[in-house]
Amino acid sequence: MADRIGAPARAWQRMLSGRRLDLLDPSPLDVEITDIAHGLARVARWNGQTKGVHAYSVAQHSLLVEKIFNEFTPEASAERRLAALLHDAPEYVIGDMISPFKAVVGGGYKEVESRLQRAIHLRFSLPAECPANLKTAIKRADHVAAYIEATQLAGFTVTEANQFFGRPRNIDLSQFDISPLSTTAVERHFLDRYAELDRLR
């Protein structure tokens with residue numbers, strides 16, 4: 001329902017957990033992993049332009065990125081792996097915007113995204129700001145995941161994927177099954193992986 005005429009603009013969202021998350025000044029106390037898993041399982045990557053019966057969700061992408069991150073850095077702590085799993089967590093609130101559109105929208109989107117990411121990190125006892133070396137390692141895994149998704153699900157040619165994401169090196173891409181899962185299944189997998197990493201910390 002739209003805000004009443006003349007009323008202050010609403011800048012919060014009600015979550016299924018009952019939390020009320022302020023989008024402009026998010027509190028870690030209003031962040032719940034169940035809300036994140038539920039939301040990300042229902043946000044489609046690639047604006048939904050992917051093959052398969054189900055949409056390929058941000059939750060499934062996040063699981064893929066964490067697996068690839070582990071392949072590149074098998075010695076990484078559970079805390080760093082959790083940061084990889086949650087690298088796109090703000091999208092449970094703001095959705096997944098493709099990179100070309102992010103460039104058009106500009107800084108406002110990035111600022112809201114950054115505030116949400118800081119709140120999420122603090123909620124799960126991660127550093128508010130990702131260390132530069134960890135951010136770089138996660139971004140590398142993210143690019144490999146994008147390459148796999150682009151060529152297997154999103155209709156990109158190998159040449160296009162090489163141009164936009166870089167050709168993955170030193171990793172066997174055939175080991176990753178990215179068949180799109182149902183929202184229920186991927187939400188469960190995301191929560192299970194979170195619980196496993198949390199136990200290991």
Side-chain angles (χ1 to χ4, degrees), residues 26 28 31 33 36-37 40 43 45-46 56-154 156 158-178 189-190 193-194 196-198 200-201:
V31 173
I33 193 62
I36 292 173
L40 294 185
V43 175
R45 287 270 293 169
W46 306 96
Y56 184 79
S57 70
V58 175
Q60 192 166 351
H61 164 78
S62 298
L63 288 162
L64 176 62
V65 168
E66 195 255 330
K67 284 182 182 177
I68 295 168
F69 176 82
N70 292 344
E71 283 291 310
F72 285 137
T73 56
E75 74 289 351
S77 66
E79 181 179 73
R80 291 169 75 88
R81 293 178 182 189
L82 181 57
L85 181 68
L86 296 174
H87 78 284
D88 275 342
E91 294 179 9
Y92 89 105
V93 177
I94 56 178
D96 181 35
M97 191 179 295
I98 60 173
S99 296
F101 196 55
K102 282 183 185 179
V104 172
V105 171
Y109 177 92
K110 295 299 293 181
E111 179 56 32
V112 171
E113 183 180 45
S114 294
R115 289 178 186 174
L116 285 165
Q117 190 72 71
R118 286 193 291 270
I120 290 163
H121 273 211
L122 291 173
R123 170 64 179 82
F124 300 112
S125 302
L126 297 170
E129 302 291 341
C130 242
N133 64 341
L134 177 57
K135 188 178 289 188
T136 298
I138 293 173
K139 181 56 68 177
R140 180 188 182 195
D142 197 22
H143 282 169
V144 173
Y147 181 97
I148 296 170
E149 294 162 6
T151 53
Q152 294 188 27
L153 296 177
F156 282 60
V158 168
T159 300
E160 288 172 331
N162 287 342
Q163 176 185 351
F164 294 118
F165 311 111
R167 184 167 65 86
R169 299 177 186 279
N170 304 316
I171 189 167
D172 176 13
L173 302 185
S174 66
Q175 66 184 293
F176 304 108
D177 180 6
I178 63 167
H189 289 321
F190 188 94
R193 185 57 180 159
Y194 165 79
E196 183 178 0
L197 292 172
D198 195 42
L200 292 172
R201 290 202 285 169

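Numbers for residues simply follow the sequence, beginning at 1.
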- Query: Is the number of heavy atoms from other residues, nucleotides or ligands under 6.0 Å of R201 CZ greater than 12?
  - Reply: yes
- Taking atom CZ of R45 and atom CG of D96, what is their separation to the nearest 0.5 Å? 5.5 Å
- Query: How many angstroms lie between OG in S57 and CG in L63, if you round to the nearest 0.5 Å?
  - Reply: 8.0 Å
- Item | H121 side chain near R118 side chain, heavy-atom distance below 4.5 Å | no
- Message: Do L64 and E149 have side chains that approach each other closer than 4.5 Å (heavy atoms only, starting at C-beta)?
- Response: yes
- Task: Please work out which of the three classes, parallel, tilted or perpendicular, describes the rings of F164 and F156, given edges at 30° and 60°.
- Result: perpendicular
- Taking every heavy atom of A84 against every heavy atom of V65, the minimum-distance pair comes out as O-CG1, 4.2 Å
- Message: Tell me which one of E66, H61, Q117 satisfies side chain to side chain donor-acceptor pair (under 3.5 Å) with H87.
- Response: H61
- Query: Which atoms form the tightest heavy-atom contact between F176 and D172, and what is the distance?
  - Reply: CE1-O, 3.6 Å
- Specify the closest pair of heavy atoms between P90 and I120, including all atoms of both residues, with the distance to one decimal. N-CD1, 3.7 Å
- Item | Distance, nearest 0.5 Å, that separates CG of L86 from CG of L126 | 6.5 Å
- Less than 4.5 Å apart, any side-chain heavy atom of Y194 and any of I36? no
- Task: Could you check if a side-chain atom of V58 sits within less than 4.5 angstrom of a side-chain atom of Y92, using non-hydrogen atoms only?
- Result: no
- Which is it for R115 and E111 under the salt bridge (Lys or Arg N to Asp or Glu O under 4.0 Å) test, yes or no, and what are the steps along the way? CA-CA 6 Å; R115 289 178 186 174; E111 179 56 32; 3.0 Å; yes
- Between F69 and L134, is any pair of side-chain heavy atoms under 4.5 Å apart? yes
- Item | Atom of A78, atom of L197 and distance for their closest heavy-atom approach | CB-O, 3.7 Å
- Task: Could you pull out the closest heavy-atom pair between L40 and D88, with the gap in Å?
- Result: CD2-O, 3.8 Å
- Are N162 and Y147 close enough, and set up right, to give a side chain to side chain contact (heavy atoms under 4.5 Å, CB included), and what steps lead you there? CA-CA 8 Å; N162 287 342; Y147 181 97; 3.1 Å; yes
- Message: Let me confirm one number: the CD-CZ distance from E160 to F165, rounded to the nearest 0.5 Å.
- Response: 9.5 Å
- Message: So R80 and T73, do their side chains get closer than 4.5 Å, heavy atoms only?
- Response: no
- Task: Determine whether R81 and R193 make a side-chain contact, defined as any pair of heavy atoms from C-beta on separated by less than 4.5 Å.
- Result: yes
- So do V31 and F124 actually touch side chain to side chain, heavy atoms under 4.5 Å? yes
- Task: Find the distance between NE2 (H143) and CD1 (I68) and round it off to the nearest 0.5 Å.
- Result: 11.5 Å
- Message: Show the nearest heavy-atom pair for residues P26 and A119, with the distance to one decimal.
- Response: O-CB, 3.7 Å
- Message: Quick check for you: to the nearest 0.5 Å, what is the distance between I178 atom CD1 and Q152 atom CD?
- Response: 4.0 Å
